[in-house]
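Below is one structure, written out as structure tokens; comments come after it.
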Amino acid sequence: MKMSKLFVQTLREFPNDAEAMSHKLLIRAGFIKKLANGIYTYMPLAQRVLTKISNIVRQEMNASGAQELLMPFVQPAEIWQKSNRWQAYGKELLRVKDRHDIDMCLSPTHEEVITQTVSETINSYKQLPINLYQIQTKFRDEIRPRFGLLRGREFIMKDAYSFHTTQEDLEREYEVMGKTYTRIFQRCGLETKAVQSDSGAIGGKVSHEYMVLVDTMVGENNVFYCESCDYSANSNHAISILPIQQTDGGFDKEETIDTPNIKTIEDLSKFLNINPNCILKAVAYIADSKPVLAMIRGDKDIEETKLLNALNALEIRPMENEEIEKYLNAPAGFIGYRNVDKTKVTLLFDESAKGMKNFVMGANEKDKHIVGINWGANFEDDINFVDIAIVKEGEFCPICNKPLKITRGIEVGNIFQLGTKYSEPMKALYTDEQGQLKPYIMGCYGIGVSRTMAAAVEKYHDDFGIIWPKEIAPYHVDIVPVNIEDEAQKKVANEIYEKLNALGIEVVLDDRLDRAGVKFKDADLIGFPIRITVGKTINEGLVEFKQRKDNDIIKLTPDDAIKKCQEILLN
RNA sequence: CGGGAUGUAGCGCAGCUUGGUAGCGCACCUCGCUUGGGACGAGGGGGUCGCAGGUUCAAAUCCUGUCAUCCCGACCA
């Protein structure tokens, strides 16, 4: 490709409205253009990267026995009503009406269509298992799209769905997909960590997320991991062993005391001169319009995803102060679990509270707390402790009891064991060996293709621009004649260009009339893995060879430069 | 949906306080000159100042409304 013909416009400055480095660089280097919030055009350079990622995905999925198909992007509401997700999916599902006033939607995911399609096509256990996938645009009307391609509304996803007769066979395929994913991302030049995760709106019980670990804020997930064993989990799912499990407030009898205007754990801890872990904290929520009171040890915080799961609820938000008065009969800051009407308010206790004794909590009365409380002493014994706490740094691995580390991660893939979550409501059945009708046992497996591109930029860049891994770079080599009007330089540059093309190496010839500095800046910004500069040294028969990843320049003959390209690109 | 900010040429911005009919840099076009890290000179094209009302002889500027975008939070594959 001749640079003068390439449909690209690099910018001298970073865009004003971008925050994440991948967002800034992809726009500045001319890979993407924003059309609307969270909706982007992939320019030719980006399209080439996406094609390469997609091809790696295809090769590995096919090698693992999956088959590619392509399903509709616009879907009728009817099919979503069958799975009960027309209601449950919420506002992320963009709904539209067609000219006949029929409800339709832009598909955020394809469980419904694939389940129906498979159930119409496969009737017998003899045709199972099967794994089907597609690579396609998805639309999710996110509340707050951000970070460019990392959280767009429209994005490209590979989604695969597998169908099985037994849980064991699903687990086998789940393992296969896990290994396939690791390989796919490795081939894209990205190391990933498979972490345990919450399964969210897609549903199912077991799931793992494939995270690219980064140290920037754009990794929207906190990942906890153990260096001694292979435990790792998204913070919304992580569990831990607390450094201090038994806490004692030291009060020798239970009594109500005055705590004037002491509303926070911090203030109360100072006022009574006790550790926050001796205070029982009350956090009030509204879950699916119903009041919930969660009690947790004072030094811990609620993980709302876990709370949501414990309640089997869809939506959750903190209570407003008026709601606290109304439902809990207590002023905010002085809430306790006693006097709560358990027929009206769901009461939950985090496991961290189990080891507390002689502890403190709100007295359900303004400016008063109760000290010296013990489980079972003054309240019914049948308290059911559940895990609804967020893990904190410094806590210990649940498997091997070593300190847990925390890092940020960009989720580029996920795998779920769905079970019969879709096949049952949608009555997607096959006939088993005994002639019985049974719902399929399903798995699903996603890869964010466009997000993977952004994650690679997020991971591999420097002050000058992008540093593409060679496997997904838009082009492999950029040839820069320092002065295109110098006949000797022009001739050699053209020869190298022709030879590399003939070898099947993807190459750009920067034939623009601009000065060398402009071409060098663009080469670094766009991030070609290899740059060959044809300049003055051509009089000695030498060109300059530079790899973007280390920026070291060596001088070679044109033929040796070509050989070096082959060497680097082939291994 | 709450908090904060911003909308002026393709991109980055000034002008707004104090109203007088729009400007700078980059990019683009022409000519000259230049060619190893985003040169220089001269000339040129491009904007209903987000949109809609209002005040005024006169609005980018003041007022009201509205839309969009960005950041933080909430939310979410």
Figure out the [atom1]/[atom2] separation between [X] and [N], and round it to whole Å.
X         : N      : atom1 : atom2 : result
Asp288(A) : C75(B) : CG    : P     : 13 Å
Met43(A)  : C11(B) : CE    : C1'   : 13 Å
Glu544(A) : G36(B) : CD    : C1'   : 8 Å
Glu19(A)  : G4(B)  : CD    : C1'   : 14 Å
Arg153(A) : U69(B) : CZ    : C1'   : 12 Å
Leu35(A)  : U69(B) : CG    : P     : 11 Å
Ile143(A) : C1(B)  : CD1   : P     : 10 Å
Asn236(A) : C75(B) : CG    : C1'   : 13 Å

Could you work out the separation of [N] and [M] based on their [atom1] atoms and round it to a whole Å?
N      : M      : atom1 : value
G4(B)  : G44(B) : P     : 47 Å
U48(B) : U55(B) : P     : 25 Å
C67(B) : C28(B) : P     : 38 Å
C72(B) : U35(B) : P     : 47 Å
U17(B) : G50(B) : P     : 15 Å
C49(B) : A60(B) : C1'   : 5 Å
U21(B) : U56(B) : C1'   : 14 Å
G3(B)  : C62(B) : P     : 23 Å

Before accepting this row, confirm whether a basic side-chain N of the pair [X]/[Y] lies closer than 4.0 Å to the acidic partner's carboxylate O.
X         : Y         : value
Arg548(A) : Asp462(A) : yes
Lys555(A) : Glu540(A) : no
Glu487(A) : Lys491(A) : no

Distance test, side-chain N/O of [X] to OP1/OP2 of [N], below 4.0 Å:
X         : N      : answer
Arg146(A) : C72(B) : yes
Asn16(A)  : C13(B) : yes
Arg144(A) : C71(B) : yes

Original post:
Which residue lies toward the 5' end of RNA chain B, Gly38(A) or Gly517(A), if each is placed at its nearest nucleotide?
Top reply: Gly517(A)
Subject >> Nearest-nucleotide comparison on RNA chain B, the residue closer to the 5′ end among Ile553(A) and Met211(A) >> reply: Ile553(A)
Original post:
Below 6.0 angstrom between ring centroids: does that apply to Trp468(A) and Phe31(A)?
Top reply: yes
**OP:** Please confirm whether Arg95(A) makes a cation-pi placement over Trp80(A), using NZ or CZ under 6.0 Å from the six-membered ring centre and within 45° of the ring normal.
**Re:** no
Original post:
With a distance cut-off below 6.0 Å to the six-membered ring centre and an angular limit of 45° from the axis, does Lys24(A) pair with Phe14(A) as a cation-pi contact?
Top reply: yes
Quick one: look up who [N] pairs with, Watson-Crick or G-U, both distances under 3.5 Å, and put none if it's unpaired.
N      : result
G41(B) : C31(B)
C75(B) : none
A59(B) : none
C51(B) : G65(B)
C26(B) : G10(B)

Original post:
Do Arg531(A) and G36(B) have a side chain to base donor-acceptor pair shorter than 3.5 Å?
Top reply: no
**OP:** For each nucleotide in nucleotides 25-35 of chain B, reading 5' to 3', give B when a protein heavy atom comes within less than 4.0 Å of its base, S when such contact involves only the sugar-phosphate, and - otherwise.
**Re:** BSS------BB
**OP:** Please test His23(A) against Tyr40(A) for ring pair (Phe, Tyr, Trp, His ring centres under 6.0 Å), starting from the C-alpha separation and ending with a verdict.
**Re:** CA-CA 11 Å; His23(A) 190 195; Tyr40(A) 294 86; 5.7 Å; yes
Under 4.0 Å, counting only non-hydrogen atoms across every strand here, what does [X] touch: a base, just sugar-phosphate, or nothing?
X         : result
Asp524(A) : base
Lys34(A)  : sugar-phosphate
Ile27(A)  : nothing

**OP:** Give the nucleotide from the list G36(B), C72(B), C75(B) with an atom nearest to the side chain of Phe147(A).
**Re:** C72(B)
Subject >> Ile316(A) side chain, from C-beta outward: closest of G36(B), C75(B), G37(B) >> reply: C75(B)
Original post:
Nearest 0.5 Å, what's the CD-CH2 distance between Glu112(A) and Trp86(A)?
Top reply: 11.0 Å
**OP:** Give the C-alpha distance, both sets of side-chain angles, the deciding distance and a yes or no for side chain to side chain contact (heavy atoms under 4.5 Å, CB included) between Asp510(A) and Ile479(A).
**Re:** CA-CA 6 Å; Asp510(A) 199 337; Ile479(A) 303 172; over 6 Å; no
**OP:** Quick one: sort the Tyr445(A) and Tyr174(A) rings into parallel, tilted or perpendicular, breaks at 30° and 60°.
**Re:** tilted
